2 protein chains.
Amino acid sequence: MHKVTVLDKKGALDCPIRDVINRIGDKWSLLILVVLSEQPTRFNELKRTIGDISQKVLTKVLKELEQEGYITRTAYDESPPKVVYDLTEMGISVLTPVGHLIDWAEKNHAMIKGNRSKTD
Amino acid sequence: MHKVTVLDKKGALDCPIRDVINRIGDKWSLLILVVLSEQPTRFNELKRTIGDISQKVLTKVLKELEQEGYITRTAYDESPPKVVYDLTEMGISVLTPVGHLIDWAEKNHAMIKGNRSKTD
DNA sequence: TCAATTAGGCACCTTGAGGTAACTAGGTTA
DNA sequence: TAACCTAGTTACCTCAAGGTGCCTAATTGA
């Protein structure tokens, strides 16, 4: 088994994985990163691709991802406005471990749904 | 770059990774799985090890993890009560991709905190 | 006798995540 | 002239996550 450590002396405070999960473990961040991994994407294009995200939340999550260094925001001085989002090196690199988790999820999804339905 | 897919035709509904993240992406699940990976653990021992989790939430999360098949719950008919939680095969196996994410988080935590402080 | 321990259950409260709808500005199109 | 598109912002609402505090029942130790 993979040996992992999450708790430190301060009782899980300042723990890297919890910090990362806090950011990309929400409803939309991971999805946005994956969409951006296909190609740099404009705001409304992101919105249309994802489909069911609200404008307010998309704005907010993009701001947060930019602030943490996962993505870049490039505004072109045109009218109508044009703003393009893209992955940074860090944003690209996180998709490797995330990809492993996605693979696991796909392999085990049927079993999880099966377990779940037993006690519904 | 790792090639990943998250969106399906139904617009991210019934998507394995989002389903998994919904469960283990909360504040405590991952931590519980990691603690259990050390050894089978009793309820109050889990509570003490984690430290700052409330009893109510620990009960709830353990129930959910059991229902989905990540952990087992074994009650011994003693007094005072004794209930031991342990990882299932599935619970063990998810720690491999999760471990990769933890490694990534540890390597990049300094950079993330650096980025964050720039705009605080 | 009194306190502690065990694994919870239950009522109540706060906070934040996320949704909806309406508004903006400048330029393009019908 | 009127409507549309862009990338947001703001006010308002709802719901779920998570926290606190108090309760239990049998048994052990001081």
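Order of the sequence lines fixes the chain letters, A, B, ..., with proteins taken first and strands second; residue numbering starts at 1 for each chain. Any value given below was found using the heavy atoms of this structure, including those in side chains, with hydrogens, waters and symmetry copies removed. Keep in mind the model is a prediction, meaning the values are calculated, not measured.
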Seminar exercise, completed: K47(B) and I53(B) have their tightest heavy-atom pair at NZ-O, 3.8 Å
Would you tell me if any nitrogen or oxygen in the side chain of [X] comes within less than 4.0 Å of OP1 or OP2 on [N]?
{"X": "R48(B)", "N": "dT6(C)", "result": "yes"}
{"X": "R73(A)", "N": "dG8(D)", "result": "yes"}
{"X": "K63(A)", "N": "dT9(D)", "result": "yes"}
{"X": "K60(A)", "N": "dA17(C)", "result": "yes"}
{"X": "R42(B)", "N": "dT6(C)", "result": "no"}

For this session: For dA25(C), give its Watson-Crick or G-U wobble partner with both distances under 3.5 Å, or none.
Result: none
Seminar exercise, completed: Pairing partner of dT6(D), by Watson-Crick or G-U wobble and under 3.5 Å for both distances, is none
For this session: Determine whether L46(A) and W28(A) make a side-chain contact, defined as any pair of heavy atoms from C-beta on separated by less than 4.5 Å.
Result: no
Exercise. Mind checking whether V84(A) and F43(A) have side chains closer than 4.5 Å, heavy atoms only?
Worked result: no
Exercise. Can E66(B) and R73(B) be counted as an ion pair, charged N to O under 4.0 angstrom?
Worked result: no
Exercise. Does the distance from a Lys or Arg side-chain N to an Asp or Glu carboxylate O, for D26(B) and K60(B), drop under 4.0 Å?
Worked result: no
Atom-to-atom span, [atom1] of [X] to [atom2] of [N] - whole angstrom:
{"X": "N22(B)", "N": "dA16(D)", "atom1": "CG", "atom2": "C1'", "result": "12 Å"}
{"X": "I53(A)", "N": "dA21(C)", "atom1": "CD1", "atom2": "P", "result": "17 Å"}
{"X": "D52(B)", "N": "dG19(D)", "atom1": "CG", "atom2": "P", "result": "7 Å"}
{"X": "I50(A)", "N": "dA7(D)", "atom1": "CD1", "atom2": "P", "result": "14 Å"}
{"X": "L58(A)", "N": "dA7(D)", "atom1": "CG", "atom2": "C1'", "result": "10 Å"}
{"X": "K47(B)", "N": "dT5(C)", "atom1": "NZ", "atom2": "P", "result": "12 Å"}
{"X": "N44(B)", "N": "dG9(C)", "atom1": "CG", "atom2": "P", "result": "13 Å"}
{"X": "Y76(A)", "N": "dG8(D)", "atom1": "OH", "atom2": "P", "result": "13 Å"}

For this session: Using a heavy-atom cut-off of under 4.0 Å over every strand shown, decide if S54(B) touches base, sugar-phosphate, or nothing.
Result: base
For this session: Identify whether any heavy atom of E78(A) sits under 4.0 Å from a base atom; if not, whether one sits that close to sugar-phosphate; answer base, sugar-phosphate or nothing.
Result: nothing
Problem set entry | Options dA26(D), dG18(D), dG8(C), nucleotide nearest the side-chain atoms of K27(B) | dG18(D)
Exercise. Looking at dG19(D), dG8(D), dC5(D), which one has an atom nearest to any side-chain atom of P80(A)?
Worked result: dC5(D)
For this session: Map L62(B) and K56(A) onto DNA chain C by nearest heavy atom, then report which one ends up closer to the 5' terminus.
Result: L62(B)
For this session: Tell me which of P81(A) and F43(B) sits closer to the 5' end of DNA chain C, going by the nucleotide each one is nearest to.
Result: F43(B)
Exercise. Going by atom types alone, do W104(B) and T96(A) pair a side-chain donor with an acceptor below 3.5 Å?
Worked result: no
